[in-house]
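Reminder, nothing fancy here: chain letters follow the sequence lines and each chain counts from 1.
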Amino acid sequence: MAWADVQNLTHQTRPSRPTYLPPHLRQLGARGGCSNRNSFPPPAGPSFNQRQRATPYDIITEKLEQVELTDNGNVINLDAYEDVPVEATGSDIPLAVKSFGEIEMCEALNENIKRRKYVKPTPIQRHAIPIVMARRDLMACAQTGSGKTAAFCFPIISRILGDRFGQVVVSGHGVRTRIAYPTALILSPTRELSCQIHDEAKKFAYQTGVKVVVAYGGAPIAQQLYNLEKGVDILVATPGRLVDMIERERVSLKMIKYLALDEADRMLDMGFEHQIRKIVQQMDMPPPGTRQTMLFSATFPDDIQRLASDFLSNYIFLTVGKVGSSTDLIAQRVELVQDMEKRCHLMKLLSTQKANGTHGKPALTLVFVETKRGADALEHSLSMNGFPAIAIHGDKVQRERERALRSFKSGATPILVATDVASRGLDIPHVAHVINFDFPKDIDDYVHRIGRTGRAGNSGMATAFFSDKNMPLAKALVELMQEAKQEVPTWLSHCAQNFVGSVRSTRYGRSKFGGSDFRSSQNDYYYPSTNSNGDANSFVDTCADVYNAGGYAAPTSFDNYASAGDRSSNADYYGAHNPGPYAHYSSADDYPPANIDAFAARSNGNEYGYGSIVASGWD
DNA sequence: AAAAAAG
């Protein structure tokens, strides 16, 4: 180790551990192999500064033209993002780009984009990338499956490369320090999501010399530490393991210039906020303004935005689609099913599904439940009845979690029963159907869960079982479905209108979509009052009446409230005359429908046509 | 009240 290096270790600056550059890139700084070597920073051509709007506080709204996106070589989406409203608020908003070509970046990164078969940037990428390139903080909301990961990975890698070419590269090999000094940190709420981000970031960083390392719990720490020792530019991590490593003094955040929180609203909600504050505010991370901070999520409640603004400096708020909305690529169904009947109902539903989906792969079904125990129980129950299911939840050891996910992805086990560990961010191709077996407690979770299907412009299907317990969310669900242009069942509309009760926050009673940037609505925090008229009986009676009057006779649904004596047997209930949304799935060959239109057309049916129950013995 | 995240 050079003496200068030793000296540097005692200084506040980054130890000049030589940055490894692969041989083919070593001359680039001098030769200009990077397409715009002088553009980091400032960018060449019309600079980002020059291209900014002049007004101090802008609101930019626009409609987008069609986006072309490919996956695995197939053009899968031509019009999926047409008419998606985009809104950016803040000062001096950089203009969006229309193509990757407009973004000044290194040739190596360009090649990687082509390798990934990205043809055009998605809306979130078109807007977010210039913002990050222009060194601005960002809070971004974009619909699930619209390419958020790439939206922060590209520019971070690009900026790191730009910074690097401006530096003198110290030659030398094999010099290691105990402490790793990443320049970029990407935090995510689950281990699997961190792995996924790591995999994707590595693909973008291929042959650029930018090193991406992942750190998460449940796996041996030794290998992760070893990877860090070999050098790290971008660290992708879950909070617990990162704190552990910092406390062991194996990682320092002193050199962080880029901080990205994926699923940022989750990272700042009750369970996580303390840990995140510790990492961002109580370790050695540079303060806002001296680092660049990017927050991404599909949902961003106002109260969480307020917390998040502590981490940001003069940020731009960007929404693609409405905040918290789901995409209309997902056909949503809601069924009134009482808790006792859910299993029975699920198996009937599954039995009508065709084993094979499109793409020649099995149609994957993701079933969300509320609790870890419930996940195991349902996995067991399904397996015992001939449905190939596997469960994933936080009580399983990491290996089992990863095994379950692999088995599901490969189609070996086409039914995955999951807790919310799998609700956010995971990109699982070919999920045809998301079933909310237990309706989530928070409408934002619903958005994220159904977002596991309908990704990257593909269509998808979501079915929710809605029971008495879920009535507080009826209103929010109706609004969400209307926003996504879904047909709302009459009974659900009535439940929404008639339910009065205490609502804890906007997340339950959300009445406003769109508004979005909490800075522009400082005075309309909405805390609906508790209503003492929330008499369960009158409410339930009303719903039951509506349900029955509409021909949707569901004797077991509300009878425990409406009429204690009227508990007709399930056998009768599921007899020939039962109405319901899956009327047209009587033939197994018919399912799943080939496309959204077919699904929508069929779902107008008013008679059950469930096929015979393939298995028996379950309760 | 539950899930997630450290060992």
Legend entry - Leu350(A) vs Leu382(A) side-chain heavy atoms within contact, under 4.5 Å: yes
Legend entry - Gap between atoms OH and C1', on Tyr446(A) and dA3(B) respectively (whole Å): 20 Å
Inset, instruction - Provide the closest heavy-atom pair for Val421(A) versus His393(A) in the form atom of the first, atom of the second, distance. - result: CG1-CA, 3.9 Å
Inset, instruction - Report the distance from atom CD1 of Ile392(A) to atom C1' of dA3(B), rounded to the nearest whole Å. - result: 13 Å
Inset, instruction - Report yes if at least one side-chain N or O of Thr238(A) is closer than 4.0 Å to OP1 or OP2 of dA4(B); otherwise report no. - result: no
Inset, instruction - Name the orientation class of the two ring planes belonging to Phe466(A) and Trp491(A) (parallel below 30°, tilted from 30 to 60°, perpendicular beyond 60°). - result: tilted
Inset, instruction - May I have the distance from Lys469(A) (atom NZ) to dA2(B) (atom P), rounded to whole angstrom? - result: 11 Å
Inset, instruction - Measure from NE2 on His393(A) to P on dA2(B) and round the result to the nearest Å. - result: 15 Å
Inset, instruction - Determine the contact category for Gly394(A): base if any of its heavy atoms lies under 4.0 Å from a base atom, sugar-phosphate if only primed atoms, P, OP1 or OP2 are that close, otherwise nothing. - result: sugar-phosphate
Inset, instruction - To the nearest Å, give me how far apart CD (Gln398(A)) and C1' (dG7(B)) are. - result: 14 Å
Inset, instruction - Please figure out whether Arg248(A) or Thr371(A) has its closest DNA chain B nucleotide nearer the 5' end. - result: Thr371(A)
Inset, instruction - Output yes when at least one side-chain N/O atom of Arg241(A) is less than 4.0 Å from OP1 or OP2 of dA5(B), else no. - result: no
Inset, instruction - Please tell me which of the listed nucleotides, dA3(B), dA6(B), dA5(B), lies nearest to the side chain of Phe272(A)? - result: dA5(B)
Inset, instruction - Could you state the atom-to-atom distance from CG of Asp265(A) to P of dA4(B) in whole Å? - result: 17 Å
Inset, instruction - Can you tell me the distance, in whole Å, between the CG atom of Asp395(A) and the C1' atom of dA2(B)? - result: 11 Å
Inset, instruction - For dA5(B), take OP1 and OP2 only and decide whether either is under 4.0 Å from a side-chain N or O of Arg266(A). - result: no
Legend entry - Check: Thr371(A) side chain, Gly374(A) main-chain N or O, donor-acceptor pair, under 3.5 Å: yes
Inset, instruction - Please state whether the phosphate of dA4(B), meaning OP1 or OP2, lies under 4.0 angstrom from any side-chain nitrogen or oxygen of Lys372(A). - result: yes
Legend entry - Between P of dA5(B) and CD of Glu273(A), the distance in whole Å: 18 Å
Inset, instruction - Classify the side-chain pair Asp265(A)/Thr299(A) by whether it contains a donor and acceptor separated by less than 3.5 Å. - result: yes
Inset, instruction - For Arg401(A), answer base if it contacts any base atom (sugar-phosphate contacts may also be present), sugar-phosphate if it contacts only those atoms, and nothing otherwise; contact means non-hydrogen atoms under 4.0 Å. - result: sugar-phosphate
